[in-house]
Number of protein chains: 2
Amino acid sequence: MESKKTTIKDIARMTGLSKGTVDRVLHNREGVSKKSYAKVMEVIKDLGYEPNLYASLLAQNKKREIVVVLPGCEKGEFWELVEKGIAKSQDSCSSLGISLQSVHYDQYDIESFRAACKKVLDMEPAGVVLPPMFKNETFVFVDKLKAKEIPFVYIDSKLESDSYLAYFGMPIYQSGYLCAHILTDEQNLKEAAIIRIQRDKHGQSDPTINRREGFIDYMTEHFPGCELHNVFINPNKPKEIDGILEHFFAEHPGVRHIAMFNSRIYLITSFLEKHPEKKYRVVGFDNLAANIKSLKNGTVTALIAQRPDDQAVKAIGALSDLLVFGREPSKRDNFMPMDILTRFNAEYY
Amino acid sequence: MESKKTTIKDIARMTGLSKGTVDRVLHNREGVSKKSYAKVMEVIKDLGYEPNLYASLLAQNKKREIVVVLPGCEKGEFWELVEKGIAKSQDSCSSLGISLQSVHYDQYDIESFRAACKKVLDMEPAGVVLPPMFKNETFVFVDKLKAKEIPFVYIDSKLESDSYLAYFGMPIYQSGYLCAHILTDEQNLKEAAIIRIQRDKHGQSDPTINRREGFIDYMTEHFPGCELHNVFINPNKPKEIDGILEHFFAEHPGVRHIAMFNSRIYLITSFLEKHPEKKYRVVGFDNLAANIKSLKNGTVTALIAQRPDDQAVKAIGALSDLLVFGREPSKRDNFMPMDILTRFNAEYY
DNA sequence: AAATTTTCCGTTACCGTGCACGGAAACTGC
DNA sequence: GCAGTTTCCGTGCACGGTAACGGAAAATTT
């Protein structure tokens with residue numbers, strides 16, 4: 001049992017052939033007689049031969065590239081957290097002989113996404129990681145990837161099809177459901193406010209829609225009498241936000257519970273900090289630095305976070321596992337845990 | 001920029017030395033003059049040399065072994081979750097040429113721990129992972145490891161000393177603090193019950209003590225008037241537990257909040273299920289299957305979990321990073337996030 | 001100054017696979 | 001029977017790094 005692992009040389013010796021021929025059999029290359037082929041296969045099975053990965057990779061001496069296609073972003077925005085995950089993966093990738101590249105586009109400009117896709121295809125990468133931001137364009141893109149036999153992994157959210165290698169992201173509908181559970185804390189509510197972003201989405205795949213469904217379903221099931229107010233704000237006009245909120249809450253003094261389904265809860269903390277006596281119960285999403293700050297000072301009650309860095313790390317890991325070790329991921333759909341962050345556990349995330 | 005990665009040969013050429021000497025520098029082996037050493041180091045930095053993992057592992061052709069020393073346990077107990085992490089690591093380890101072994105002992109029998117330690121030392125492992133269960137004996141053990149220059153990593157909790165490579169575990173005091181925060185939900189409390197395990201601990205390192213301190217500190221700071229009742233139960237006499245609890249809660253009808261600082265909240269769910277009308281608010285620790293079950297059916301309000309599987313994965317990862325890549329962990333103390341589990345996010349952990 | 005030790009470094013034989021090259025044997029057509 | 005194909009297979013170098021071996025140069029001792 002302490003014997004060395006069997007090598008190609010052993011098989012060559014056992015069969016009376018040379019390692020060149022054994023190699024040909026292993027790779028199903030032509031130029032082997034049926035008799036020799038059968039003999040080699042038999043010995044391989046008998047000895048339980050497994051090729052030495054290191055030697056193989058060393059001899060191949062290929063360089064592979066994984067490309068992550070992401071919206072470019074300002075400091076402190078959600079996608080920056082994904083970038084952190086990419087940075088984390090850099091080390092392990094480079095020591096596996098894989099280089100990591102990011103390609104950015106403007107998430108509000110479909111043309112820039114098309115350009116990014118073209119760029120990626122020209123790079124001929126060994127694998128691609130992407131969040132599906134523009135639904136139709138993403139379908140077009142991944143079809144091309146499929147045609148080139150380039151594996152790809154979705155993060156953040158996914159599009160249904162049978163061609164993606166894996167998906168790493170939050171269970172979005174359930175995150176809305178959970179949000180409602182935390183917001184109400186099982187206390188009966190009469191009213192609650194949902195703060196929404198005012199923007200024309202043309203063809204964007206928007207997880208917040210699905211999330212809102214989860215939220216509303218929870219409320220309907222548990223507190224059907226609760227009235228849900230939608231309040232719209234525009235992140236491009238930050239100065240107007242406080243006014244809009246002041247106006248709304250003046251008209252609805254009974255509302256003490258606030259939820260928001262995107263990562264921008266920090267947009268309303270300025271308003272909240274002006275009314276500490278109201279003790280609003282506020283639940284938002286994602287561990288942006290600005291959100292965490294408001295969480296720690298008590299302005300925000302809880303955040304639901306989804307480990308965007310881990311999503312990137314795992315997506316890249318799944319690809320490199322495939323590329324280097326030939327291992328298919330065990331699951332295609334990998335839901336990340338929904339982390340509940342409060343002021344007393346936030347700093348450990 | 002499309003140039004090949006720099007190799008040892010490149011460095012040899014650039015410095016006018018041979019690759020043997022470069023290799024000596026890379027491994028800090030002796031027999032290199034200061035001048036040559038400096039020259040090589042400079043070129044390495046300039047070219048940004050990174051060794052080729054495959055070639056290195058292939059040439060070394062070593063087999064190393066990482067040993068995890070753990071309390072053996074029944075199905076469904078805490079340490080089983082750590083075992084899951086070990087199983088997860090098996091794949092990545094074996095493809096890195098590392099084999100993983102577990103050595104078990106009885107957590108209530110110090111002699112069995114001594115025997116386990118001896119066994120581990122005889123195995124001459126390349127690295128060791130362990131939770132420090134018996135304080136003094138662990139010190140004796142890790143001293144021997146240190147003498148043999150075997151790196152070791154603490155999980156779950158840690159002992160203060162300067163010899164451990166890394167620690168992966170929950171911030172224990174803070175977890176008690178957080179527990180109180182969740183239990184009270186910022187509502188003023190008059191009374192609360194702490195369920196404790198009755199057992200004589202001889203020399204065991206017990207995280208629950210520290211955790212209770214955190215809990216009590218939170219309560220003292222936020223609700224100084226709240227009376228905390230200690231209720232002791234004995235896990236070896238499960239039939240008595242319900243009676244003890246019935247008796248206690250009959251005598252203290254005002255108590256509606258319950259906390260428990262070990263992983264055994266499932267011991268009291270039988271009692272809780274008999275009194276659904278009381279709507280006890282119950283917070284416990286760790287995502288054991290039995291606990292999760294009570295969480296999902298609403299008996300338990302929340303669990304604070306610490307990713308025991310991740311602890312194992314990361315501990316093993318830190319060791320193999322050191323063994324294979326020579327990378328020291330960036331941090332010695334790695335606190336795991338304290339996950340707040342409720343009935344609606346538990347299944348994603 | 002010779003003898004010895006120590007310090008330093010180049011050489012070389014691997015590790016297990018991949019693959020190009022070329023040669024031997026078998027098979028073809030005349 | 002000979003030249004030309006085709007089929008099959010062995011040889012040998014390459015991949016990048018490791019580490020033992022031994023020799024030259026420098027430092028030390030006698």
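In what follows, every heavy atom counts, from backbone to side chain, and hydrogens, waters and symmetry copies are set aside. First the proteins, then the strands, lettered A, B, ... as listed; each starts at 1.
Residues satisfying the side-chain hydrogen bond (donor to acceptor under 3.5 Å, both in side chains) criterion with B/Ser102, sequence neighbours excluded, are absent altogether. Applying the salt bridge (Lys or Arg N to Asp or Glu O under 4.0 Å) test to B/Lys75 and every residue at least two apart in sequence or in another chain returns B/Glu80. Every ring pair (Phe, Tyr, Trp, His ring centres under 6.0 Å) that A/Tyr105 has, sequence neighbours left out, goes to A/Phe113.
One atom, NZ of A/Lys63, and another, C1' of D/dC15, lie 15 Å apart when rounded to the nearest Å. Protein atom CG of A/Leu58 is 14 Å distant from nucleotide atom C1' of C/dC19, rounded to whole Å. Between the P atom of C/dC8 and the NZ atom of B/Lys39 lies a distance of 14 Å, rounded to the nearest Å. Taking atom CG of B/Leu17 as the reference point, atom P of C/dC8 lies 13 Å away to the nearest angstrom. One can place CG of A/Asp10 at 8 Å from P of C/dG16, the figure rounded to the nearest angstrom. D/dG16 atom C1' lies 14 Å from atom CZ of B/Arg13, rounded to whole Å. Look at OH on A/Tyr37: it is 18 Å from P on D/dT7, rounded to the nearest Å. A straight line from NZ of A/Lys35 to C1' of D/dC8 spans 12 Å, rounded to a whole angstrom.
Under the 4.0 Å criterion applied to side-chain N and carboxylate O atoms, B/Asp10 and B/Arg13 are assigned as salt-bridge partners.
A/Thr21 has no side-chain polar atom (N or O) that falls below the 4.0 Å cut-off from OP1 or OP2 of D/dC9. For D/dA14, neither phosphate oxygen OP1 nor OP2 lies less than 4.0 angstrom from any side-chain nitrogen or oxygen of A/Asn61. Dashed line: the shortest gap from a side-chain N or O of A/Ser36 to OP1 or OP2 of D/dC8 is not under 4.0 Å. For C/dC9, one of the phosphate oxygens OP1 or OP2 lies less than 4.0 angstrom from a side-chain nitrogen or oxygen of B/Ser33.
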Footprint string (nucleotides 17-23 of chain D, 5' to 3'): B base within contact, S backbone only, - free, heavy atoms under 4.0 Å: BBB----
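Using modelled atom types, no side-chain atom of A/Ser56 and backbone atom of A/Asn52 make a donor-acceptor pair closer than 3.5 Å. For A/Tyr167 (side chain) and A/Asp156 (main-chain N/O), a donor-acceptor pair under 3.5 Å exists by modelled atom type.
No side-chain N or O of A/Asp339 forms a donor-acceptor pair with one of B/Tyr348 less than 3.5 Å apart.
B/Gly97 comes within 4.0 angstrom of no nucleic acid atom, judged by non-hydrogen atoms across all strands.
Note that the two end axes of the helix from C/dA1-D/dT30 to C/dC30-D/dG1 enclose an angle of 40°, each drawn from 5 base pairs, rounded to 10 degrees.
Here side-chain hydrogen bond (donor to acceptor under 3.5 Å, both in side chains) pairs that include residues 311-334 of chain A, with residues two or more places apart or in two chains, are A/Lys158-A/Asp333, A/Tyr164-A/Asp333, A/Gln306-A/Gln311, A/Asp321-A/Arg327.
Each of A/Asp309, A/Ile66, A/Leu100, A/Val129 was scored for a side-chain contact (heavy atoms from CB on, under 4.5 Å) with A/Ile86, with one residue passing: A/Leu100.
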